Amino acid sequence: MPGSNSNSRGHAIISSDAIFEGKILKAETVEVHGEVLGEIETNHLVVNHDGRVFRSTRATSASVSGQAEGELVVKELCAITETGNVVGDVRYGRLSLAQGANLEAHLRNIPPELGGDFELVVQRGQAVAITTADLTAFDPDDAAVDLTFTVSNTTAGHVARKSEIRSAISTFTQSELEAGLICFKSDETAALDGRFDVVVTDASGATSGPARTVRAKITA
């Protein structure tokens, strides 16, 4: 199927006698018995023992029993079985390598990501809990206690632990956030809405990238 493009949210199967050239995008599952030359984007990738994928592959999870070459980005678990052969540039959340598997790749752990709506509402001079709906971190291979937020550029208030509401803090963990222990305290004289910038770092030192701004709407 040279020169083909495919957009699918279903189950794509490349049979053992097929050579697919092009793109398979937004598929729920891609199962490869034949050969794919191009780009794959899927929730779950299965490369069977007779399957081969080349160039660029992005998946939430992957099981490789055949051959994968080029760029392979797997957000969660990348499992390479005893017949798997992976060569190239691999980014992963978690990696499983069976005895007998071949891995010749530049390996990089996927860094944590920030999520939430990045918005708070707080009364002037009062405090509000920062919930995981407001701000959270995602990282498939690090525990919540190992994800550390760093706060900077705070205006019209400060970030604090509930136990010491008047003391500003510059760092806290995802586990503290999930436990409801972190809040934003508005200044009593705040004339404008507040804000603070935040990044998250995992246990290996990988960061979420450029700082994101959490905005605090201050009401009377």
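No experiment lies behind these values; they were computed from the predicted model shown. Side chains included, hydrogens not; waters and symmetry mates left out as well; all remaining heavy atoms used.
With side-chain heavy atoms closer than 4.5 Å counting as contact, directly or through intermediates, the hydrophobic cluster containing Val73 also holds Ile110.
Salt bridge Asp197/Arg195: present, at least one basic N to carboxylate O contact under 4.0 Å. For the pair Arg215 and Glu119, the salt-bridge criterion is not met [side-chain N within less than 4.0 Å of a carboxylate O]. At a threshold of 4.0 Å, the pair Arg161-Glu176 counts as salt-bridged, since one of the basic side-chain nitrogens sits closer than that to a carboxylate oxygen. Between Glu71 and Arg58, at least one side-chain nitrogen of the basic residue sits less than 4.0 Å from a carboxylate oxygen of the acidic one, meeting the salt-bridge criterion.
With Pro112 as reference, Leu147 is the one residue of Asp146, Asp142, Leu147 to meet the side chain to side chain contact (heavy atoms under 4.5 Å, CB included) rule.
Note that the CD1 atom of Ile169 and the NE2 atom of His158 stand 9.0 Å from one another [nearest 0.5 Å]. Once rounded to the nearest 0.5 Å, the distance linking CZ of Arg91 with SG of Cys78 reads 12.5 Å. Distance CG/Asn85 to CD/Glu69: 7.0 Å, rounded to 0.5 Å. Put simply, CZ on Phe54 and CZ on Phe20 are 15.0 Å apart, with the number rounded to the nearest 0.5 Å. A distance of 6.5 Å separates CG of Leu177 from OG1 of Thr132, quoted to the nearest 0.5 Å. Here CD of Gln126 is found 12.5 Å from CZ of Phe184. Values are rounded to the nearest 0.5 Å.
Side-chain N or O atoms of Asp134 include one that pairs as donor or acceptor with a backbone N or O of Thr131 at under 3.5 Å. Distance alone, capped at 3.5 Å, places no donor-acceptor pair between the Thr155 side chain and the Gly194 backbone.
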Practice prompt. In sequence, state the C-alpha distance, the side-chain angles, and the governing distance for Arg212 and Val199, and then conclude on side-chain contact (heavy atoms from CB on, under 4.5 Å).
Written response: CA-CA 7 Å; Arg212 295 290 302 270; Val199 297; over 6 Å; no
Item to complete: Test Glu31 against His11 for side-chain hydrogen bond (donor to acceptor under 3.5 Å, both in side chains), laying out the working first.
Response: CA-CA 8 Å; Glu31 186 174 345; His11 192 146; 3.3 Å; yes
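Counted by atom type alone, His44 and Thr29 present zero donor-acceptor pairs between their side chains at under 3.5 Å.
The side-chain heavy atoms of Leu95 and Ile80, taken from C-beta on, include a pair separated by under 4.5 Å. When side chains are defined from C-beta on, Leu72 does not count as touching Asp89, because their heavy atoms never get closer than 4.5 Å.
Sorted by first and then second residue, the pairs that involve residues 177-193 and meet side-chain hydrogen bond (donor to acceptor under 3.5 Å, both in side chains), not counting sequence neighbours, are Gln174-Glu178.
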